[in-house]
Amino acid sequence: MDIHQTRTWVRSIAAAMDQHKDHLTQLDSAIGDADHGVNMQRGFTAVVAALDGYEPAGVGDVLVKTGTTLISKVGGAAGPLYGTFFRATGKQLTGPVADAEQLAAALDAGLAGVQKLGAAVPGDKTMVDALTPALEAFGAAARAGEDEATAAEKAAEAAETGAKDTIPLQARKGRASYLGSRSTGHQDPGATSTALIFRTLAEVLKP
Amino acid sequence: MDIHQTRTWVRSIAAAMDQHKDHLTQLDSAIGDADHGVNMQRGFTAVVAALDGYEPAGVGDVLVKTGTTLISKVGGAAGPLYGTFFRATGKQLTGPVADAEQLAAALDAGLAGVQKLGAAVPGDKTMVDALTPALEAFGAAARAGEDEATAAEKAAEAAETGAKDTIPLQARKGRASYLGSRSTGHQDPGATSTALIFRTLAEVLKP
Amino acid sequence: MKKLINSPDTVLDDALAGVAAAHPTLKVDLEARIITRAGGPSVGKVALISGGGSGHEPLHGGFVGPGMLHAACPGEVFTSPVPDQMLAAAQAADGGAGVVFVVKNYTGDVLNFEMAAELAGEDGIEVATVLVDDDVAVKDSTWTAGRRGTGATVFVEKIAGALAEQGADLASVAEIGRRVNAASRSFAVALSPCTTPAAGKPGFELAEDEMEVGVGIHGEPGRSREKLEPAAAIVARSLDAIFADQPLAAGEETIVMVNGLGGTPLIELYVAYADVAKYFAERGVRIVRNLVGNYITSLEMAGASFTVCKADEQMLALWDAPVNTPALRWGA
Amino acid sequence: MKKLINSPDTVLDDALAGVAAAHPTLKVDLEARIITRAGGPSVGKVALISGGGSGHEPLHGGFVGPGMLHAACPGEVFTSPVPDQMLAAAQAADGGAGVVFVVKNYTGDVLNFEMAAELAGEDGIEVATVLVDDDVAVKDSTWTAGRRGTGATVFVEKIAGALAEQGADLASVAEIGRRVNAASRSFAVALSPCTTPAAGKPGFELAEDEMEVGVGIHGEPGRSREKLEPAAAIVARSLDAIFADQPLAAGEETIVMVNGLGGTPLIELYVAYADVAKYFAERGVRIVRNLVGNYITSLEMAGASFTVCKADEQMLALWDAPVNTPALRWGA
Ligand SMILES: Nc1ncnc2c1ncn2[C@@H]1O[C@H](COP(=O)(O)OP(=O)(O)O)[C@@H](O)[C@H]1O
Ligand SMILES: Nc1ncnc2c1ncn2[C@@H]1O[C@H](COP(=O)(O)OP(=O)(O)O)[C@@H](O)[C@H]1O
Ligand SMILES: [Mg+2]
Ligand SMILES: [Mg+2]
Ligand SMILES: [Mg+2]
Ligand SMILES: [Mg+2]
């Protein structure tokens with residue numbers, strides 16, 4: 001993944017958030033406070049603006065800038081969590097390109113940042129439930145010598161499955177946890193936006 | 001009309017207000033503030049309580065007490081107006097019975113009190129539009145030598161017609177006047193309660 | 001009907017019990033249904049007394065206290081109080097210098113206060129009346145009961161109350177009250193209706209995309225029903241109506257209230273106030289004092305009313321004078 | 001959606017412009033989205049800073065002023081603010097004695113304030129955090145993000161703000177804030193939902209005869225959905241929940257708030273307060289201070305929240321200390 005592709009990825013996430021804003025908000029209104037779509041859209045719109053005219057030295061710079069902007073613009077739970085994810089991922093990637101293994105390691109650092117901040121573990125019905133299988137799939141593919149496009153496709157599929165698999169879970173973190181057993185039967189909005197993020201990565205890297 | 005009949009009249013008004021509360025309120029919600037039924041019911045419930053155990057010396061005492069209680073308990077436009085009507089009527093009737101002509105003159109004094117206080121003239125779409133034809137009919141019958149029962153029946157019919165005839169009028173007094181031309185097409189609640197008051201009088205005096 | 005009440009019949013009595021429990025600075029006579037200052041009458045000072053239907057809280061009970069009202073007479077919801085209440089209030093509040101009745105111009109209020117004034121007079125209490133009729137939505141013509149009284153009531157009560165507190169005589173207190181009323185204009189827009197407990201259903205209906213322009217504080221109809229507009233347009237049409245009735249020149253000083261009708265969040269009132277400030281700035285008319293909040297409400301009605309008082313120096317000085325009531329407090 | 005706004009996207013900016021225009025005692029930085037005291041930082045004094053999603057007005061901006069907050073950071077409606085805001089607020093408000101962040105316990109608020117505390121620390125500003133988690137509707141367990149923060153925020157801000165005003169050091173101000181929180185419990189009941197401008201439709205649905213028991217200030221679900229009840233029953237179940245969590249013995253002194261959620265008329269809050277006073281009287285528990293009104297709202301939601309603080313002498317003395325903010329003012 002080069003700088004150009006990284007920019008395209010982030011721009012594509014912004015487009016995806018525009019497109020899926022209402023769906024994410026609808027999911028968040030079932031078990032949260034009906035703002036996840038708006039939050040993500042506001043954040044990535046700001047990211048696109050921040051990247052405009054920005055001259056990054058490396059792939060990581062794009063992601064750090066993305067994370068920093070998300071932290072500054074989103075608020076709520078998703079802002080610091082996704083912001084940290086992109087910042088921590090970006091900090092690992094100093095070069096002008098990142099290969100599959102480098103990207104896998106960087107994304108793992110991103111997830112570690114999310115978990116350090118939010119203390120969620122898989123099964124808590126959060127974005128971690130999409131991030132974890134996505135990064136496992138990505139890492140496994142990378143270690144097996146697959147290229148980034150293939151790894152990203154597998155990660156996207158795993159994230160989508162992970163998001164769907166949050167449906168039966170009872171939330172233990174975030175606003176949804178207040179619902180108790182009533183949080184089951186609904187898909188987690190953050191896990192869903194994570195799936196969108198990996199789907200766009202797969203599309204951008206598709207040869 | 002003797003003291004007993006006068007008491008019965010006032011009690012019957014209370015019963016009529018109970019029964020027609022919702023209708024009066026509905027009329028008042030179209031061109032007023034939806035409280036005329038409640039106001040009248042509250043007022044006459046208090047009147048019945050006030051008359052309980054009260055030993056009047058004359059017919060007029062019952063009506064004065066009725067008016068005083070209405071003034072103390074109703075509020076709004078109807079409280080002082082009906083209160084004054086009954087008080088001013090009652091003040092004319094000092095004896096233990098009142099014949100048709102005495103009653104006619106007393107009711108005229110009641111209407112004069114209403115008009116002095118509220119400054120409404122016929123055609124303004126108020127209770128005066130029912131009171132005026134009712135008292136004209138009552139007076140005409142009395143002057144023609146008819147008995148109270150007949151006079152009251154004619155008054156009731158005239159009041160009912162008068163109330164109906166307020167429908168096309170544009171209000172010039174009270175809250176309905178704020179509606180401007182939108183007040184037309186609706187029957188005035190106060191004129192309607194006046195018609196009820198005369199209908200009960202006719203029923204009470206019916207031999 | 002969804003209300004936090006025990007029964008439609010007891011709303012007023014229950015609420016008065018709550019006022020009594022909440023405010024040690026007030027004395028609530030649950031029997032006579034009057035709210036007076038706990039300290040009793042101010043000997044030698046004029047006492048300001050107001051009243052009207054309930055459902056407009058904090059008006060009037062929330063404005064009883066040093067620097068403002070001496071007594072309030074709450075009627076049933078949206079129904080003017082009865083003369084007995086005003087008489088009891090006059091008797092309880094008169095400090096020997098007479099009482100001023102502040103009366104909003106509705107037939108019911110006017111008639112009941114008129115009767116009370118007569119009764120109080122018979123009791124040897126001097127009474128002056130200030131009639132408030134600031135709502136420009138309704139024309140004062142032979143076709144109406146006159147202009148309705150609304151937001152200016154708050155200004156009259158604050159400013160005349162301050163003068164009374166300073167020891168001015170009955171005529172002066174009444175006069176400043178009348179001057180404040182004459183200098184004030186109001187206009188309201190409703191986005192949704194309200195439901196009185198007794199009626200149990202909304203006083204009028206508004207479609208999802210409609211608003212009532214020029215609505216009265218009891219939900220009385222206004223000038224017209226229009227498609228819902230952005231705040232800036234609602235503010236502009238309200239202030240246009242006010243300025244058309246009382247033109248204000250650049251440099252003139254005003255007190256402005258953006259008042260919530262009960263169901264409108266404060267954040268929206270601030271949005272509206274920003275538009276009000278812009279409207280005034282564009283015309284060079286100065287807002288030197290303001291109130292933004294719920295001061296004279298219509299139960300849970302959504303919407304806002306706008307009141308503009310062209311204030312002179314005396315009014316401003318009296319505005320700034322200390323006031324200590326549940327709903328308006330400064331300098332104390 | 002019927003709102004007095006210009007556009008869902010500009011609600012916060014427009015409202016902040018209104019706050020700026022309305023309150024000369026406040027300084028509003030529209031760029032940084034912070035509200036501070038017009039007078040600038042108080043040199044040598046601890047500065048109390050709070051923030052959270054908007055839509056809860058007057059919280060927090062309405063509590064900025066002498067004796068209470070030094071700065072408020074309003075987020076988008078129902079969305080916690082971002083660290084940049086808290087950092088800007090800390091920089092603007094720090095008088096050299098450090099800042100206290102008053103944070104309601106929601107994941108978003110906690111994470112953003114945490115980040116801000118780190119950034120402020122890097123800037124050499126000492127930061128202490130008081131986490132408010134008074135809502136007994138939700139249990140603090142491994143299954144939840146902890147108890148939610150609600151009405152106690154007002155008590156914490158008033159009492160800790162008073163101590164800061166007196167010149168106490170950072171640790172003491174934070175400590176009293178934590179003590180007030182620990183001594184406070186809240187419970188809310190919603191009769192109707194609310195609609196955020198961005199969402200355009202209600203956050204949840206309630207049938208005509210239903211209420212949400214234990215609702216959160218963003219419309220988070222509570223303990224159960226029940227058939228609508230009279231005020232006395234709603235008060236009893238709310239106070240039962242509070243007393244079950246923190247038993248209060250006869251003779252103990254409390255500060256009690258009956259808070260409107262935004263769409264409930266003040267007259268109904270007084271009805272509820274009468275029932276609250278009765279409930280306390282029956283148990284011999286004393287209410288020695290109270291607030292009845294809209295202090296921490298949820299847009300136009302109908303309903304009320306109840307907050308009880310078991311107050312000691314120091315808390316009461318600090319409660320009575322002068323405060324001069326748009327929404328809470330006495331002694332000044
Ligand atoms: N502690 C946490 N760790 C990881 N993710 C979390 C945590 N808490 C919440 N989330 C995620 O954040 C999402 C909600 O984001 P958003 O709606 O934007 O914020 P808020 O809940 O503050 O309104 C949830 O769907 C969940 O995936
Ligand atoms: N000036 C007036 N003179 C005579 N009757 C009047 C006058 N104003 C109002 N009314 C009568 O009062 C009735 C309304 O009474 P009510 O609803 O009880 O009082 P309010 O208008 O104060 O709510 C009207 O329907 C009308 O008949
Ligand atoms: Mg959310
Ligand atoms: Mg009426
Ligand atoms: Mg009425
Ligand atoms: Mg949120």
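Computed from a predicted structure; not experimentally measured. A note on names: the letters A, B, ... follow the listed sequences, proteins ahead of strands, and every chain is numbered from 1.
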Residue-level contacts of residues 52-59 of chain D with chain A, using a heavy-atom cutoff under 4.5 Å: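 Interface residues of residues 52-59 of chain D: none, nothing closer than 4.5 Å to chain A.
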
So, for D:Phe113 and D:Phe101, is the gap between ring centers shorter than 6.0 Å? yes

With a 4.5 Å heavy-atom cut-off (strictly below), which parts of residues 21-36 of chain A touch chain D? List them by number. A:Ser29, A:Asp33, A:Ala34, A:Asp35

Residue D:Asp135 versus chain A: region with a heavy atom under 4.5 Å: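 Neither; nothing under 4.5 Å.
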
Chain D contact via A:Ala171 - which portion, at a heavy-atom distance below 4.5 Å: backbone

Is any side-chain N of the basic residue among D:Lys3 and D:Glu300 closer than 4.0 Å to the acidic one's carboxylate O?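 Yes, D:Lys3 and D:Glu300 are salt-bridged.
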
Testing the 3.5 Å rule here: is there a donor-acceptor pair between the side chains of [X] and [Y]?
X        : Y        : result
D:Asn259 : D:Ser305 : yes
A:Ser183 : A:Tyr178 : no
D:Asn6   : D:Thr10  : no

Could you tell me which of [options] has the largest number of non-hydrogen atom pairs under 4.5 Å with chain A?
options                                : answer
D:Gly216, D:Pro81, D:Pro83, D:Gly75    : D:Pro83
D:Pro8, D:Ala145, D:Gly203, D:Ala137   : D:Ala145
D:Arg147, D:Arg148, D:Glu114, D:His218 : D:Arg148
D:Val138, D:Leu87, D:Asn112, D:Val110  : D:Asn112

As an exercise: rank A:Ser177, A:Gly79, A:Gly83, A:Ala78 by heavy-atom pairs under 4.5 Å with chain D and give me the winner. A:Ser177

Verdict with supporting geometry, A:Lys125 and A:Asp188, salt bridge (charged side-chain N to carboxylate O under 4.0 Å, His left out): CA-CA 6 Å; A:Lys125 195 174 183 117; A:Asp188 180 61; over 6 Å; no

